[in-house]
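Contents: one structure, followed by commentary.
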Amino acid sequence: MSQRSITSFFSKPSQKICTSAVEKKEKSPESIIPEDSPIKQQRKRRRIYVDEEDEQRPSSTDSTENEIDDVVNKENNNDNIKVDKEEDTEVENSFDGNDKNTDIQQEEVETIKEECESENEKKPEKKPKSSEKSKAKSSKKKKKAKISPKKSERPKFLDNIPWKAGDPAPYEALAATLSEIEQESGRLKCIEYLSNLLRLVMERSPNDTLPTLYLSMNQLAPASEGLELGVGESLLFKALAQATGRSVNQIKAEAKSKGDLGVVAEASRNTQKTMFQPKRLTIQSVYSGLRQIAEMTGNSSMNKKIDKIRFLLASAKDSEAKFVIRALTGKLRIGLAEQSVLQALASACDSENSQLAADIVKTTYAQCPSFDKIIPNLIKYGVDNLLDHCPLEPGMPLKPMLAHPTKGIDEVLKRFDAKIGFTCEHKYDGERAQIHLLEDGTVKIYSRNQEDNTIKYPDIVSRIKELTKVKTAIIDSEAVAWDTNLKRILPFQMLSTRKKKVDNVGDIKVQVCVYAFDMLYVDGESLVTKPLKERRDRLRQSFEIKEGEMVLATGEDAHDADTVAVLLDKAIKDSCEGLMLKALDDTYEIAKRSHSWLKLKKDYLDSAGGDTLDLIVVGAYDGTGKRTGRFGGFLLACYDSENEEYQTICKLGTGFSDEQLDKFTEILKPLIIETPKAYYNHKMSPDHWLEGQIVWEVKAADLSISPAHTAAAGLVHEEKGVSLRFPRFVRVRDDKKPEDATSAEQVAGMYKSQEQVQALNRNEDNSEDY
DNA sequence: GATGACTGCCC
DNA sequence: ATTCTGC
DNA sequence: GCAGAATGGGCAGTCATC
């Protein structure tokens with residue numbers, strides 16, 4: 001029902017919307033605006049202002065800056081040809097718009113025009129800027145009073161943004177929406193805000209739908225394409241320093257206190273009074289700017305990236321700068337992410353039955369996590385037919401099933417139906433490998449996050465070809481480091497030394513064994529809606545087993561607690577992390593439940609599971625984001641009585657409640673010292689050194705050899721220390737003084753007593769005998 | 001060519 | 001990875 | 001229970017610099 005309207009809505013946006021603007025002219029966006037229209041002239045002037053601003057930038061720290069700017073601008077012009085042809089071609093012959101007032105007038109004209117054109121919407125109620133709550137109320141009111149849902153749902157915060165049908169969608173609209181979402185805690189409302197924006201984009205600037213979605217999810221492309229920004233905190237410090245004429249240290253300091261680089265950027269823009277109206281950023285131009293940054297590689301690429309970032313910032317105002325920077329840091333931090341974006345997209349396409357639409361969109365995204373593929377099909381065929389056009393198929397990584405941690409066997413039995421039964425498989429400590437066998441014989445291997453790992457595992461590729469009994473398939477498995485001589489599993493740390501780009505199969509130093517545990521597709525048939533029992537059967541029929549190369553994950557079906565307990569012990573003895581528990585009748589439908597498996601590890605158990613250590617708090621880190629204004633993490637140390645020193649062993653950032661974190665910040669702040677004590681043996685430096693007085697109990701999954709920490713250095717490794725894997729806070733140990741903390745010897749002992757290390761030693765002993 | 005800082009991606 | 005928290 | 005956002009160790013790869 002609603003599908004038809006959506007389809008037509010997508011394919012012919014102009015008919016439904018923008019009645020006055022588009023219908024009269026019926027031309028492509030480029031030609032809608034007459035050459036002599038005020039809008040065009042305004043754009044010409046804007047262009048000039050940008051150039052002028054760049055040339056007049058006060059803080060010329062280096063002499064080549066202007067040259068660089070010119071280059072950047074030119075580059076950008078070229079790069080943006082696709083995006084915005086008009087402006088590039090008209091830079092030369094544009095006239096001297098010397099009057100800012102004129103520009104403002106044009107703004108107003110455009111705004112007014114916009115209001116008239118936009119629909120016969122009833123005038124928004126005159127109402128003072130209101131609190132969150134009243135905003136929410138007003139939007140509800142509007143809904144009730146609506147004539148047509150699409151018009152009246154238009155959020156007020158977009159009303160004053162000039163944006164006509166056929167125009168490129170202004171980035172300002174996205175930034176305003178993200179800001180609004182950031183301030184709103186209700187998830188449904190956040191989704192509504194985004195869906196309203198998406199609806200507008202699809203109405204007025206349908207070609208910008210894709211970039212809008214990418215920017216909303218803070219993604220550049222499907223993960224499997226391996227596009228990386230290559231921009232981190234440090235580069236952004238430099239870029240911001242250059243853009244604002246301040247030192248990197250100033251920026252760093254401000255970032256520390258504000259807890260967010262984006263906020264720093266926004267504040268910087270405000271203090272820099274702009275004399276000229278900057279060129280408006282568009283969603284398209286920001287997106288393509290980010291892509292350009294990602295595509296820069298090689299010599300002096302870092303400076304080029306910085307220049308491009310500066311260029312974007314130069315055109316960004318207010319919250320635009322904040323979100324450009326946040327996009328570059330990789331954290332949008334607005335309380336809305338993938339799942340909500342999908343829901344917003346669904347609701348934008350079908351507000352009548354958004355629940356059904358959300359199910360479809362989420363299911364589609366789970367089996368085909370690529371907006372590049374989804375959006376064109378959505379536009380062409382509508383939501384109702386989306387699944388058929390984005391089918392599960394080899395060559396496209398699907399979202400993998402994840403597992404919930406469980407604190408004990410009780411919890412497992414509570415969650416599963418004992419009658420039907422569940423399987424207990426070893427949880428291998430390796431890397432998720434989703435193996436695809438394509439129709440043409442190609443093999444692809446994807447990571448847990450849909451990264452393309454094919455070139456990392458040419459050995460797996462060739463063995464799949466050798467061992468397969470089927471034509472096409474998708475297998476879920478864990479790739480585990482394997483000692484071919486001793487036919488043993490090797491620890492994760494060994495696997496992680498494996499090269500990511502293997503040129504020559506012969507160069508491979510770390511062999512892997514594939515432990516297959518699920519099959520999601522075989523010979524043209526999707527298995528995700530089939531019960532595990534069936535998928536498992538299909539898996540067993542489809543491949544030959546070969547020891548040390550490709551085997552099935554060890555597992556046994558169970559119905560009761562005792563069996564689970566026995567199997568857990570067995571798994572640990574076999575150098576595994578614990579158990580994966582899966583209901584036998586469960587499907588592989590990520591959209592319905594992304595964590596439908598359970599995982600049970602020794603260190604989850606409250607009773608005597610995992611290693612716990614009592615450690616001294618010797619440093620603290622300033623929190624970011626929601627931890628701004630207090631400590632967000634700590635540096636911990638063990639006590640070495642031999643050398644009478646504190647040796648750092650790990651940082652710690654999880655396990656405490658918000659309340660505890662507040663308390664710890666208060667307690668520890670008075671302990672801040674300027675420089676570390678002479679008896680602090682450390683390689684890393686926290687934001688604040690602390691007087692070593694407080695002892696905390698910390699739990700960890702494993703102990704590892706560490707290049708960054710000094711604990712037990714010399715005891716298990718000549719120079720390297722020991723660190724903790726997955727450290728988390730357990731409780732305060734008021735009863736302990738620093739000297740009572742876990743000792744270096746104890747740390748060494750804990751390291752050596754680990755199953756994995758023991759197993760290795762056993763083998764070494766054996767091999768020495770031979 | 002070696003080194004170190006930085007980044008992204010595994011867990 | 002682990003963990004906490006608002007919805 | 002979901003979804004999101006805090007935070008961990010440690011590796012290879014990349015780029016700047018020496």
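Naming convention: chains lettered A, B, ... in sequence-line order (proteins, then strands); numbering from 1 in each chain.
Atom CG of A:Asp611 and atom P of D:dG9 are 16 Å apart (whole Å). The interatomic distance linking A:Asn218 (CG) with D:dG4 (P) rounds to 13 Å, in whole Å. The interatomic distance linking A:Phe634 (CZ) with D:dG8 (P) rounds to 11 Å, in whole Å. In this structure, CZ of A:Arg326 is placed 16 Å from P of D:dG4, rounded to the nearest angstrom. One can place CG of A:Leu229 at 14 Å from C1' of B:dC9, the figure rounded to the nearest angstrom. Atoms CE (A:Met217) and P (D:dA5) sit 12 Å apart, rounded to a whole Å. Rounded to an integer number of Å, the gap from NZ of A:Lys683 to P of D:dG9 is 13 Å. Here the P atom of nucleotide B:dC10 and the CD atom of A:Glu478 are 12 Å apart, to the nearest Å.
Using a 4.0 Å cut-off between charged nitrogen and carboxylate oxygen, A:Asp603 and A:Arg725 do not count as a salt-bridge pair. A salt bridge does not link A:Asp507 with A:Lys499: every distance from a Lys NZ or Arg NE/NH1/NH2 to an Asp or Glu carboxylate oxygen is 4.0 Å or more. Residues A:Lys322 and A:Asp260 are not paired through a salt bridge, judged by the lack of any N-O separation under 4.0 Å between the basic side chain and the carboxylate. For the pair A:Asp307 and A:Arg310, the salt-bridge criterion is met [side-chain N within less than 4.0 Å of a carboxylate O].
The residue A:Ile705 sits close only to the backbone: its heavy atoms come under 4.0 Å of sugar-phosphate atoms, none of a base. Nucleic acid contact for A:Gly335: sugar-phosphate only, since backbone atoms but no base atoms lie under 4.0 Å from a heavy atom of the residue. Here A:Leu661 lies out of heavy-atom contact (under 4.0 Å) with every strand. Across all strands, A:Leu724 comes closer than 4.0 Å only to sugar-phosphate atoms, never to a base (heavy-atom distances). Nucleic acid contact for A:Gly430: sugar-phosphate only, since backbone atoms but no base atoms lie under 4.0 Å from a heavy atom of the residue. A:Leu703 comes within contact range of no nucleotide atom at all, as no heavy-atom separation falls under 4.0 Å.
Ring planes of A:Phe634 and A:Phe631: perpendicular class, angle over 60° (limits at 30 and 60°). A:Phe664 and A:Phe656 have perpendicular rings, their planes meeting at more than 60° on a 0 to 90° scale where under 30° would count as parallel.
Between A:Gly232 and A:Asp452, the residue whose closest nucleotide on DNA chain B is further toward the 5' end is A:Gly232. Heavy-atom distances to DNA chain D give each of A:Gly632 and A:Ser594 a nearest nucleotide, and the one nearer the 5′ end belongs to A:Ser594.
Contact check, A:Arg630 against D:dA6: no side-chain N or O comes under 4.0 Å of OP1 or OP2. Residue A:Gln339 has no polar side-chain atom (N or O) positioned under 4.0 Å from OP1 or OP2 of D:dG4. Considering only side-chain N and O atoms, A:Ser706 lies nowhere under 4.0 angstrom from the phosphate OP1 or OP2 of D:dG9. Taking side-chain N and O atoms only, A:Ser234 has a distance below 4.0 Å to OP1 or OP2 of B:dT7. Phosphate proximity of D:dG9 to A:His709: present, with a side-chain N or O under 4.0 Å from OP1 or OP2. Side-chain nitrogen and oxygen atoms of A:Ser496 include none within less than 4.0 Å of the OP1 or OP2 phosphate oxygen of D:dA12. In terms of phosphate contacts, A:Arg432 brings no side-chain nitrogen or oxygen within less than 4.0 Å of OP1 or OP2 of B:dC10. Taking only side-chain nitrogens and oxygens, A:Ser704 never comes nearer than 4.0 Å to OP1 or OP2 of D:dG9. Phosphate contact (OP1/OP2 of D:dC2, side-chain N/O of A:His404, threshold under 4.0 Å): present.
Partner A:Glu431 forms a salt bridge (charged side-chain N to carboxylate O under 4.0 Å, His left out) with one of A:Lys500, A:Arg448, A:Lys456 and no other, that one being A:Lys456.
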Review point. Reading nucleotides 1-7 of chain C from the 5' end, what letters show protein touch, with B for base, S for backbone sugar-phosphate only, - for no heavy atom under 4.0 Å?
Key: SBBSSBS
Check your understanding: When you check every protein heavy atom under 4.0 Å of nucleotides 13-18 of chain D, what one-letter string (B, S, -) results, 5' to 3'?
Key -> SSSS--
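Counting only heavy atoms from C-beta outward, the side chains of A:Val730 and A:Trp696 never approach each other to under 4.5 Å. Residues A:Tyr751 and A:His717 form no side-chain contact, since every pair of their non-hydrogen atoms from C-beta on lies 4.5 Å or further apart. Side-chain contact between A:Ile293 and A:Leu328 is present, with at least one heavy-atom pair separated by less than 4.5 Å.
Closest to the side chain of A:Thr624, from the set D:dA6, B:dC11, B:dG8, is D:dA6. Nearest nucleotide to the side chain of A:Ser723, out of D:dC2, D:dA5, D:dG10: D:dG10.
We find the CD1-CD1 distance between A:Ile445 and A:Ile460 to be 4.5 Å, quoted to the nearest 0.5 Å.
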